[in-house]
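Single-structure report; data block below.
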Amino acid sequence: MTIDPSTKDIDDIDWNSEDDQEIEDTTGGRTATSNEEASSSSTPCSKLIQNFVGMGFPRELVAKAIEQNGEDSELILETLLTYSVLENSLSENPCAISPQHKPCLNSDESSSGYNENFLDDLSDTYSWSEDDEENADTLSDKERRLLDLTNMGYPMEEASLAMDRCGPEATVAELIDFISAAQVAKSDSLYWQEDDIKPKLKNPSNANDRHKRRKLYNYELQRKKRQTGVFDEDNQPLRLPKPMVGFGVPTETSPTFQGRTISSEATGPPYFYYENVALAPKGVWETITRHLFDVEPEFVDSLYFSASARKRGYIHNLPIENRFPLLPLPPRTIHEALPLTRRWWPAWDYRTKLNCIQSAVGSAKLTERIRNALEVSVGEPPLAVQNYVLEECRRWNLVWVGLNKVAPLEPDEVEMLLGFPKSHTRGISRTDRYKALGNSFQVDTVAYHLSVLKELYPRGINVLSLFSGIGGAEVALHRLGIHLKNVVSVEKSEVSRTVMRSWWEQSNQTGNLVEYGDIEGLERDEIKRVMASVGGFDLVIGGSPCNNLSGSNRVSRDGLEGKESSLFFEYVRVLNVVKGIL
DNA sequence: ACAAAGATGAGGCGCTTA
DNA sequence: TAAGCGCCTCATCTTTGT
């Protein structure tokens, strides 16, 4: 362990001036809500069904809603209203029924393609009486106002959020004002527009096929449900959201969510941020969540920030409002990120995004094998050859660098795709560079989540960085323009520590860097001592080893109890020590 | 010794089809 | 519903070459 009291000049980083590209995520929606009365859901309550059927909802929908929500009448109602809103927004022009506030900001242009796709085919699937008000006297006051708003054409999620934010006494007019304000802040791009690599749902040719439409309808509902990142309290398997955008990404329309509630036990400071692979074996994320104060994981695929995919789960107690991305926004297609490949890219290789960057790369021999396979034919190769080449390209993330020549990404290119400065890992062996980079954060993704700290700590922060690797967290904070007062870094690999220290010096840091090698040897007294010396920690950040969780591991994918991945519990231990001392 | 190449599937999910 | 298919995955270990 060493302390480096650097006394360099103020660095000349181009602080991205304020929140230029700030995207706000105040759109309505709902997070997981506990259904207190769901315990006896095995007996479908016919009275309950009658009640909702009496309101004008189709019986089959009511049954389905009960199936989904148990017997919590409020949840059932919300689900049914969601069906209703979906129905209304599809069967007619949503804006046409909107009041002066124009609630559907992004439906004018962008949703048209969406509708054309398949949703308009759902329009006449179900019908129920339009005048729900007739039955409104059986509803609570809250439910009635919710109905009012949805009948005006406001999305259910936004109406619900507005009611929660504005309190029980708010008038409908006030609620409308809130919703409108939220919508103004909303991005107008739609996530299904651009980057849906392979749209799985085709336009059903027979629009009258009721059964097919039902399937699509259910699919859409499930999608909406997954978007909220529902985490069932009964230890139900945790489902990954699709699209995997967590609480929102800058480049896509945010999923609807309703803020979130974090237990007092989990509330910062200190803020904590934990990361690992999204596609871990079953039960792993449930366990991780349980040990991190039951905070719901945020699953994000970095392909929304980069030209390469990276599906990761993040658990943190940071605010999720007023995030902003690093600028400039990085290229998000292969052609933009690697323009020189365009010239050689064959039309039959329709990849626009790279797969996840891993720690091993394809060999030069493979490049030769592929070249040989391609050179036997002039012009477009036979389908079998295409398939072989594409398979290898996908498996090894190869790009076209010459005629009939594919190659793995260069370390510099990997650095760029992951958001690191060019040559960040220069000076270590090529193999080590690939390995260290493959184990690292995607900087833009993490920075987006951490961006909320800039406002909270305008004078800089103290960071405890566990499993630092090559310093993804530090680079992210630095690029955000957050001054690093003290960084206490714990990293086992000497090679990675070298990269980190080298970056620290080259980026003219004015704070202190304290390095440890072994997290297991970092005991309570030492933590206490170092905290006293730096003045406590504002952020505890780290991604614990994924070795035993990653699907790529064919030898020892042993889950959280695996040799390396069990170090997750060291993260928990150290975090709790820090919380205890603070 | 060091670096590159090759061999080594399971598991999970989305989606389609029977 | 269930079975089947396509796709992807922060990797490890041994062998070979320099």
Side-chain angles (χ1 to χ4, degrees), chain A residues 118 196-202 204 211-212 215-216 218-220 222-223 226 237-244 274-285 299-303 306 308-314 350-351 353-369 387 390-397 407-409 411 414 417-420 425 428-443 445-446 467-470 472 493 495-496 542-559 562-565 567-568:
Chain A
F118 59 94
D196 211 355
I197 299 176
K198 286 169 285 181
K200 297 289 192 226
L201 284 169
K202 291 171 292 192
H211 183 69
K212 190 165 233 168
K215 265 173 78 176
L216 292 169
N218 289 338
Y219 171 81
E220 176 63 12
Q222 282 185 13
R223 188 184 65 77
R226 281 196 295 268
L238 197 155
R239 306 202 64 166
L240 299 173
K242 188 174 176 258
M244 198 184 283
Y274 175 81
E275 177 259 13
N276 216 318
V277 290
L279 286 80
K282 275 185 175 173
V284 165
W285 274 106
F299 292 104
V300 182
D301 190 337
S302 292
L303 71 81
S306 162
S308 62
R310 204 167 187 80
K311 296 175 182 63
R312 296 294 181 266
Y314 306 88
Y350 48 87
R351 290 176 298 159
K353 298 274 192 179
L354 292 165
N355 282 337
C356 182
I357 288 165
Q358 304 189 136
S359 52
V361 294
S363 66
K365 299 279 187 188
L366 178 57
T367 295
E368 271 317 296
R369 286 198 293 273
N387 288 334
L390 273 178
E391 198 176 313
E392 297 290 352
C393 284
R394 287 206 181 94
R395 167 66 187 86
W396 292 104
N397 253 346
L409 297 165
V414 177
L417 289 166
L418 292 176
F420 286 93
T425 57
I428 62 179
S429 83
R430 193 179 171 88
T431 313
D432 284 344
R433 290 182 77 177
Y434 283 125
K435 186 169 181 183
L437 286 163
N439 285 314
S440 179
F441 285 164
Q442 208 290 328
V443 170
T445 310
V446 172
F467 314 105
S468 305
I470 55 175
S493 158
V495 170
S496 292
S544 65
C546 69
N547 303 26
N548 311 118
L549 309 180
S550 164
S552 300
N553 191 338
R554 310 180 183 195
V555 181
S556 53
R557 196 183 187 188
D558 303 327
K563 191 166 175 290
E564 285 82 20
S565 293
L567 289 174
F568 159 72

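We name chains A, B, ... by the order of the sequence lines, and we start the count at 1 in each one. Computed from a predicted structure; not experimentally measured.
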Residue whose closest nucleotide on DNA chain C lies nearer the 5' end, A/Asn547 versus A/Arg557: A/Arg557

Is a side-chain donor or acceptor of A/Asp301 paired with a backbone partner of A/Ala309 at a separation under 3.5 angstrom? no

Indicate, yes or no, whether a donor-acceptor pair under 3.5 Å links the base of C/dC10 to the side chain of A/Arg312. yes

Stem list for DNA chain B, please, built from Watson-Crick and G-U wobble pairs under 3.5 Å and keeping only runs of at least 3. B:1-8 with C:11-18, B:10-18 with C:1-9

What nucleotide among B/dA3, C/dT12, C/dC8 has an atom nearest to a side-chain atom of A/Arg394? C/dC8

From the list C/dT12, C/dC10, B/dA5, which nucleotide is the closest neighbour of the side chain of A/Cys356? C/dC10

May I ask you to verify if any side-chain N or O of A/Ser552 is less than 4.0 angstrom from the OP1 or OP2 atom of C/dT9? no

I would like to know whether A/Ile357 and A/Leu437 meet side-chain contact (heavy atoms from CB on, under 4.5 Å); could you show each step before the answer? CA-CA 8 Å; A/Ile357 288 165; A/Leu437 286 163; 5.5 Å; no

Give a yes/no on whether any side-chain N or O of A/Gln358 is located under 4.0 angstrom from OP1 or OP2 of C/dA11. yes

Please give, in whole Å, the distance from C/dT9 P to A/Asn397 CG? 7 Å

Between A/Asn553 and A/Ser550, does any side-chain donor sit less than 3.5 Å from a side-chain acceptor? no

Flag for A/Thr425-A/Arg433: side-chain donor and acceptor within less than 3.5 Å: yes

Would you mind reading off the distance between A/Leu279 atom CG and C/dA11 atom P, rounded to a whole angstrom? 13 Å

Given side chains that start at C-beta, do those of A/Pro408 and A/Thr367 come closer than 4.5 Å, heavy atoms only? yes

Take the protein atom CZ of A/Phe420 and the nucleotide atom P of C/dC10, then report the distance between them rounded to whole Å. 16 Å

What is the nucleic acid contact for A/Asn355, judged by heavy atoms within less than 4.0 Å: base, sugar-phosphate only, or nothing? sugar-phosphate

What is the distance, rounded to the nearest whole Å, between atom CZ of A/Arg554 and atom P of B/dG9? 7 Å

Can you tell which of B/dG12, C/dC10, B/dA5 lies closest to the side chain of A/Lys282? B/dG12

On a whole-Å scale, what distance lies between the C1' atoms belonging to C/dG6 and B/dG9? 16 Å

Give one of base, sugar-phosphate or nothing for A/Ser565, where a contact means two heavy atoms less than 4.0 Å apart. nothing

Measure from the side-chain heavy atoms of A/Thr431 and tell me the nearest of B/dA3, C/dC8, B/dG14. B/dA3

Under 4.0 Å between a side-chain N or O of A/Lys242 and OP1 or OP2 of B/dC15? yes

A/Arg239 side-chain N/O to B/dG14 phosphate OP1/OP2 under 4.0 Å: yes

If you take atom types as modelled and just measure distance, does the side chain of A/Arg310 reach the base of C/dC10 with a donor-acceptor pair under 3.5 Å? yes

For A/Leu549 and C/dT9, give me the distance from atom CG to atom P, rounded to whole Å. 16 Å

Nearest to the A/Ala360 side chain among B/dA5, B/dA3, C/dA11, which nucleotide is it? C/dA11

So does A/Lys563 get a backbone contact from the side chain of A/Asp558, meaning a donor-acceptor N/O pair under 3.5 Å? no

